[in-house]
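Structure first, commentary second.
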Amino acid sequence: MSVVEGKELRIVGFLCNWCSYGGADTAGVSRFKQPTDLRIIRVPCSGRVDPLFVVKALINGADGVLVSGCHPRDCHYSDGNYYARRRLEMLKRFLPFVGIDARRFHYTWVSASEGQRWQQTVTEFTTLIHELGPTPAFPQDQTVLKEVRA
Amino acid sequence: MRVGVFICHCGNNIAGTVDVARAAEETAKLPHVVYSTHYMYTCSEPGQDEIKQAIKRENLDRVVVAACSPRMHELTFRRTVEKAGLNRYFFEMANIREHISWIGENKELNTNKAIEAVRMAVEKVIRDKPLHSTAFKINKRVLVIGAGVAGMQSALDCADGGLDVVLVEKSPAIGGMMARLDKTFPTIDCSICILGPKMVDVAQHEHISLHAYSEIEEIKGYVGNYQVKVRKKTPYVDWTKCTGCGECMEKCPTKNAYDRFNFGVAPTRAINIPFPQAIPKKATIDAQYCRQIQKGKCGVCAKVCRANAINFELPDQFVTEEVGAIIVASGYGLIDQELLPEYGGGRYPDVITGIQYERLLNASGPTSGHIQRPSDGTEPKSIVFVSCAGSRDKSIGIPYCSNFCCMYIAKQAILTKDHIPDSQSYVFYMDIRATGKGYDEFTRRAQEDYGAKYIRGRVSRIYPKGKKMIVQGADTLLGAKVEVEADLVVLATAATAAPGAAALAEKLHISYDTHGFYVESHPKLRPVETNTAGVYLAGAAQGPKDIPASVGQGSAAAAKVLALFSRDMLESDPAIARVNQNACVGCLKCVKTCPFQAIKEQELRGGEVVASVIETICAGCGVCTSTCPCGAIQLQHFTDNQLLAEVNSLCLS
Amino acid sequence: MIEKEYAYYAGCSLEGTASSYDRSIRVILKALGATLRETEDWSCCGSTPAHAMDHVLAGALAARNLAIVERMETATLTTPCPSCLSAFKKAHAKVTQDKAFSDEVNQLLDLPYKGGVKAKSTLQVIYEDVGPDAVTSKVTTVLPDLKAACYYGCILSRPPKLAAFDDPENPVSMDRLLAACGVDVRDFVFKTECCGAAFGVPKKEMVLRLTHKVLTMVQDCGANCVVVACPLCQQNLDLRQAQVNRAMGSSFSIPILYFSQVLGLAFGFQPEELGLDKHIVSADALIRSRRPKGAEDAAPPVKEKARKSTAQGTAGKPGDAPGAEGTASAAKEA
Amino acid sequence: MNIEKLKEIVRTVLPSVDVVIGYKKGLDALHPVPCFVTSPDEIDALVLNPACTHNLAAYLPSLKKKTAVVVKGCESRTVVQLVQEGLIKRENVVVIGVPCQGVLSARKVLNAINHQPVVEAAFENDAVIVKTRKAETRLALNDVASDKCLTCQYPTPVLSDHLAGEQVESKVDEQAAYQDIRQFDAQSLEERRAYWLKEFDRCIRCYACRNACPMCVCRESCIAETRDPHWMSQKATLNEKMMFHMIHAIHLAGRCTECGECERACPMGIPVAKLKKKINMEMKELFGYEPGISIDDKPPMYTFKVEEEKIEEHKIR
């Protein structure tokens with residue numbers, strides 16, 4: 001992990017190729033300035049995003065995870081984002097139960113033409129994550145854990 | 001593994017805010033990376049040559065290019081590595097332009113981000129598997145949706161090229177908006193005189209089968225093999241018997257039906273043929289107004305029809321057409337006057353829209369070409385045209401220019417003078433947008449030769465005063481408020497997406513913008529393609545445009561289809577789901593969730609049931625992969641291992 | 001549904017030139033079953049020249065009142081004056097959407113405003129919370145001679161996003177409420193045309209011209225009175241009619257009524273209870289013919305308390321719509 | 001729990017199936033074990049009491065025979081869910097339902113008797129009398145019942161071909177079904193985090209919870225252990241332990257029938273069933289769905305609605 005200390009936090013984005021990745025491209029083409037924290041992983045469809053990818057990232061140190069797909073009804077694969085919506089909603093409700101702040105995980109819909117919406121999403125989400133600060137570190141060995149127990 | 005990394009400057013686009021030399025230096029240290037360099041324009045021919053030579057010279061077996069969006073050049077570079085002897089899927093792109101250099105200003109942060117983007121791409125590329133396309137047969141028939149001038153042009157070009165064309169039109173007659181226009185700018189050609197012969201060609205062409213008064217119900221399949229279910233709406237008239245004599249229309253006792261063809265300029269009958277040159281020239285009953293259908297009493301048309309064609313019980317019918325490509329030319333709509341309350345919102349009969357005025361000017365229109373005020377039938381002497389009535393108006397959600405209004409207003413001002421020589425036209429305008437060939441000269445003629453008074457400024461209010469309409473606005477050149485007493489006001493209402501455009505896009509799986517216009521694949525380089533293979537755009541469905549532009553796009557879309565169909569076989573995208581049958585436990589949850597029914601159950605010899613992907617149907621969305629609990633079904637090129645490697649490269653592991 | 005209790009902000013006009021508006025609003029809201037709770041220790045709303053000079057100070061003036069209302073714990077604040085309402089809505093929007101602005105404003109206030117007040121004009125309360133049907137059910141009196149032009153002025157429904165009430169170009173709320181009282185409401189096209197009131201002092205000629213235009217259109221549409229919801233509109237159209245007549249050579253004598261006064265009359269209240277005696281152009285002649293609802297035409301008019309009334313004047317202008325009896329109170333003008 | 005009635009049913013059913021799965025005496029009276037009856041002379045060995053805790057439906061997916069299975073309320077839901085997901089065929093299963101007042105938590109009983117060896121146990125309607133060499137202890141069933149039984153909504157099997165006993169009504173109001181989860185949710189985020197870190201830390205990654213789970217059907221393909229895909233390493237770090245439990249919980253979203261086997265099997269006493277119950281609560285809230293109630297339902301994670309009534313678009317803040 002090599003975030004620039006003190007300036008960036010680790011934010012992972014899963015973007016569907018057809019809408020949101022294109023929306024992020026549109027934002028770039030339009031030179032809409034954004035915070036630099038986000039790292040984008042391209043997936044064909046938001047339906048490809050197994051909620052466990054989000055969990056994996058959050059458990060392993062991501063400070064925020066953003067998933068973005070096509071708007072409902074506009075999925076390039078017709079139904080993928082409908083499945084994503086159910087799975088990700090389940091996840092968002094489950095995370096706080098195990099002590100993970102649900103605000104660190106956001107899922108939304110941005111189309112390829114919505115460069116401005118993308119800029120706004122990234123900016124707002126990054127600002128929020130900075131307000132929340134780094135995700136609490138996971139105790140890696142028993143000594144740290146003993147403190148938790150105490 | 002021997003990975004080569006190529007970092008592009010893109011002139012100054014990337015190098016301006018990313019330290020490309022440092023990025024190359026740092027990424028050279030990554031595991032598996034044996035070669036890392038940076039180059040001015042990697043996508044240029046010498047840039048691509050550099051990649052090919054490096055593959056040979058450094059014995060590379062995987063390539064990462066850090067440059068623009070993969071949506072831009074992934075295909076280009078895949079071909080490059082393939083030419084150098086690698087499998088085309090042994091390639092990944094890191095998007096350091098759209099997602100990095102263009103959106104961040106801090107060079108240090110950008111450079112670090114670019115290095116991480118390359119690191120992710122390297123993690124992914126070392127897990128790339130060689131993939132090979134398979135070939136499948138194309139059905140060389142084409143579906144054209146919409147029979148306006150763009151759709152007709154597409155249909156005729158395809159048909160002349162020897163393709164079988166299925167043309168589907170929503171209204172009872174073909175011709176679209178152009179069939180309603182009186183004359184066309186800038187030549188003042190009679191619209192129907194130039195369109196009519198094309199309509200006849202469409203009707204008579206041996207390769208074109210026309211479904212008028214029909215809509216798309218459902219579309220299945222993929223490029224080369226679409227199944228399209230067409231709903232043939234019932235006209236309550238058996239069109240195989242109808243001779244188009246018009247007797248029914250004359251005798252129909254319902255005289256107040258809304259005339260969709262004439263945009264309500266005058267009422268029509270419940271059973272009607274939209275206009276004299278209509279193709280097909282068949283009668284249609286508007287069920288909303290038909291006394292027989294609404295109240296069960298009348299049936300006059302059935303009595304007078306000598307062909308015995310009237311059938312009040314006729315249901316909608318469905319046909320399924322199999323095609324290999326689709327051209328969408330579904331046209332545009334116009335805003336409702338209700339959105340313009342400051343101009344009366346449709347409450348004043350003598351404030352009409354441009355297309356309604358077009359019908360008043362037209363010799364085969366309801367007034368036989370005599371310009372009459374809708375309120376009292378008198379001939380107007382003072383006519384005010386209001387451009388941008390809704391267009392370029394953010395407050396009603398239409399920030400865009402409607403493209404053709406400036407020109408048709410000039411045309412209508414000229415025609416008005418021709419019709420009523422002692423008339424005076426006034427045109428309120430924001431800017432005159434006359435960029436086509438001969439267009440600016442045309443708007444000048446309207447002013448200089450025909451005496452139309454152009455007033456630069458917007459209209460703030462229109463209200464009646466006695467028999468006149470008062471048009472109140474600003475003259476921004478004089479810096480004064482002006483009021484014009486008008487007999488008739490014509491609003492150039494904004495063009496919008498066609499009604500139902502979004503629903504059609506959803507059936508086609510193509511995208512549309514916030515205004516409902518369809519989104520092309522690339523605004524400059526792929527203007528008639530969509531992101532869905534085999535679906536093309538033509539005409540105003542993509543954005544407001546005038547006749548020559550629509551016709552041009554119609555031909556362009558046809559050329560795309562002809563090029564696609566010039567081969568007998570298409571190559572499938574091999575980035576599809578694949579089942580590891582040893583790991584599959586046969587729970588078949590993937591079968592339940594596949595949006596394309598592309599997964600079937602297969603019984604192995606031992607009697608065990610496993611999932612199996614139908615390659616030609618799988619579209620590569622990966623819903624199955626994230627459904628499968630044991631990871632037995634993997635979307636190739638986006639496998640769990642690849643995405644996990646990307647996540648792990650970003651987060652602690 | 002009408003709420004039992006509203007926080008009420010009358011504002012400066014309603015304490016002075018528009019006391020009749022205040023009086024009639026209180027009377028009809030009581031009749032409609034709502035209690036108005038006075039805003040304690042209220043100050044200027046900030047819509048005065050303050051907002052042209054300093055946005056933060058103007059915002060603070062409004063926010064001060066909102067902060068007081070916030071602690072009253074009523075669901076809704078209502079004010080009859082569109083100008084006050086606009087000031088409140090503007091301040092509320094800026095405080096809730098702009099953190100920096102909110103900090104600046106709250107620093108000026110003893111009691112910070114947290115953004116919890118919903119403000120509505122009293123017209124909106126009656127139109128939306130009560131509704132035309134409930135209004136009809138309260139009507140006891142018909143006003144056969146009234147031909148009304150509803151004049152909304154410039155800020156009641158604008159800017160649309162802020163006002164969030166009625167159509168910005170063609171508002172209909174007052175038309176519908178009056179129609180619900182059985183009043184003949186004319187199709188008036190200058191509902192939101194500027195009357196110029198704000199420029200009364202610096203550019204009087206312009207105001208006279210604009211006011212003349214509005215009043216001419218009132219006459220042209222066959223109305224014999226103007227019904228308003230804004231104290232400034234009322235004051236401008238009523239007070240300045242004589243000036244307009246002098247400057248433009250016209251002879252208008254058009255009563256300018258508050259919608260609350262018309263509703264009050266229809267509910268059976270006496271003109272004095274509604275402050276109708278406070279207006280310059282008298283409406284006496286128009287309302288004399290009022291009678292209990294349901295009574296035959298032959299029934300005697302509602303008994304009116306003896307009041308010195310100038311005799312019927314001459315018709316406002318030749319060519320008026322029939323029945324539009326002019327009621328010039330020439331005495332007062334003089 | 002009527003053993004005589006059960007034996008009678010087994011006797012009539014046995015000729016038409018290959019095997020009947022029930023319980024027989026095990027190590028001691030508190031630990032009956034599964035018993036596979038294939039001939040009539042084995043029937044008398046059957047026992048049935050609140051110590052019979054195993055979910056016998058867990059055997060169904062791997063048995064390729066026609067099977068009769070003894071199930072209590074929660075376990076009948078397992079059968080329904082397995083049929084619903086197509087993992088077993090309804091016609092291959094004869095369901096012998098047993099209405100149930102709650103089963104014992106062996107751990108709670110042993111704690112109550114200070115882990116003395118059990119000599120004998122007797123069961124009454126609402127109590128269990130445990131005899132050790134030193135003493136005889138009477139324990140109220142409510143005090144030593146499994147946690148899952150305290151909020152049980154389905155004491156009578158939802159599906160049965162034969163019912164051994166009278167219907168039992170749920171003692172717990174529907175509103176209170178998730179009270180334990182709501183109580184847990186009422187804690188602060190930090191408290192919840194600390195709780196689970198402490199619990200997960202004790203996990204020894206033995207996978208007993210997974211092995212006991214009747215809905216875990218991936219067998220050797222479980223992604224907690226495979227290299228392809230390589231979801232997890234073998235490291236015994238806290239984040240890997242947590243990841244494993246998240247995988248188990250999320251793979252059971254909309255599928256867990258709350259039989260509690262995972263928690264019973266855990267040698268470390270980690271309350272892992274709570275994770276699944278939380279998701280079940282959300283599934284009910286979001287989609288009005290409870291797993292294992294109707295064979296014709298569709299598990300909510302494998303279907304969708306174009307308009308989801310309960311899912312609203314999230315704002316970032």
Next item on the list: Give the intermediate values and the outcome of salt bridge (Lys or Arg N to Asp or Glu O under 4.0 Å) for residues A/Glu131 and D/Arg317.
Entry: CA-CA 11 Å; A/Glu131 277 171 31; D/Arg317 52 175 91 222; 2.9 Å; yes
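- Of the two parts of A/Leu95, only the side chain, counted from C-beta on, holds a non-hydrogen atom closer than 4.5 Å to a non-hydrogen atom of chain D.
- For a residue to count as touching a neighbouring chain, one of its non-hydrogen atoms must lie under 4.5 Å from one of that chain's; by this rule D/Lys305 touches chain A with backbone and side chain alike.
- Proximity to chain A is absent for every atom of D/Ser188, based on heavy atoms less than 4.5 angstrom apart.
- In this structure the side chain of D/Glu190 never reaches within 4.5 angstrom of the side chain of A/Asp101, judged on heavy atoms.
- There is no contact between A/Asn81 and chain D, counting heavy-atom distances below 4.5 Å.
- Residues A/Arg93 and D/Leu286 meet the side-chain proximity criterion, which asks for heavy atoms closer than 4.5 Å.
- D/Glu285 touches chain A through its side chain: at least one heavy atom from C-beta onward sits under 4.5 Å away, while N, CA, C and O do not.
- In this structure, A/Trp109 and D/Glu313 have side chains that are in contact, with non-hydrogen atoms separated by less than 4.5 Å.
- Within the 4.5 Å cutoff, the side chain of A/Ile100 has no heavy atoms near those of the D/Arg193 side chain.
- Taking every heavy atom of both residues into account, D/Ile250 and A/Pro51 meet most closely at CG2-CG, 4.3 Å.
- If you measure heavy-atom distances from D/Ile223 to chain A, the contacts under 4.5 Å come from the side chain alone.
- Both cation-pi conditions hold for A/Arg86 and D/Phe287: the charged atom is under 6.0 angstrom from the six-membered ring centre and inside a 45 degree cone around its axis.
- For chain A, the nearby part of D/Lys315 is the backbone; its heavy atoms alone come within less than 4.5 Å.
- Closest of all the heavy-atom pairs between D/Glu307 and A/Arg73 is OE2-NH2, 2.6 Å.
- For D/Gln187, no part sits under 4.5 Å from any heavy atom of chain A, backbone or side chain.
- Atom CZ of residue D/Phe200 and atom CD1 of residue A/Ile59 lie 8.0 Å apart, to the nearest 0.5 angstrom.
- With a 4.5 angstrom heavy-atom cutoff, D/Met283 touches chain A only via side-chain atoms.
- For the pair A/Tyr107 and D/His314, the minimum side-chain heavy-atom distance is below 4.5 Å.
- A tilted orientation is assigned to the rings of D/Phe184 and A/Phe97, their planes being inclined by 30° to 60°.
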Next item on the list: Run the numbers on D/His251 and A/Leu52 for side chain to side chain contact (heavy atoms under 4.5 Å, CB included), then give the verdict.
Entry: CA-CA 9 Å; D/His251 278 178; A/Leu52 289 169; 3.7 Å; yes
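- The side-chain heavy atoms of D/His245 and A/Val98, taken from C-beta on, include no pair separated by under 4.5 Å.
- Residues D/Lys278 and A/Phe94 are in side-chain contact: their nearest non-hydrogen atoms beyond the backbone lie under 4.5 Å apart.
- Side-chain contact between D/Met243 and A/Val55 is present, with heavy atoms from C-beta onward closer than 4.5 Å.
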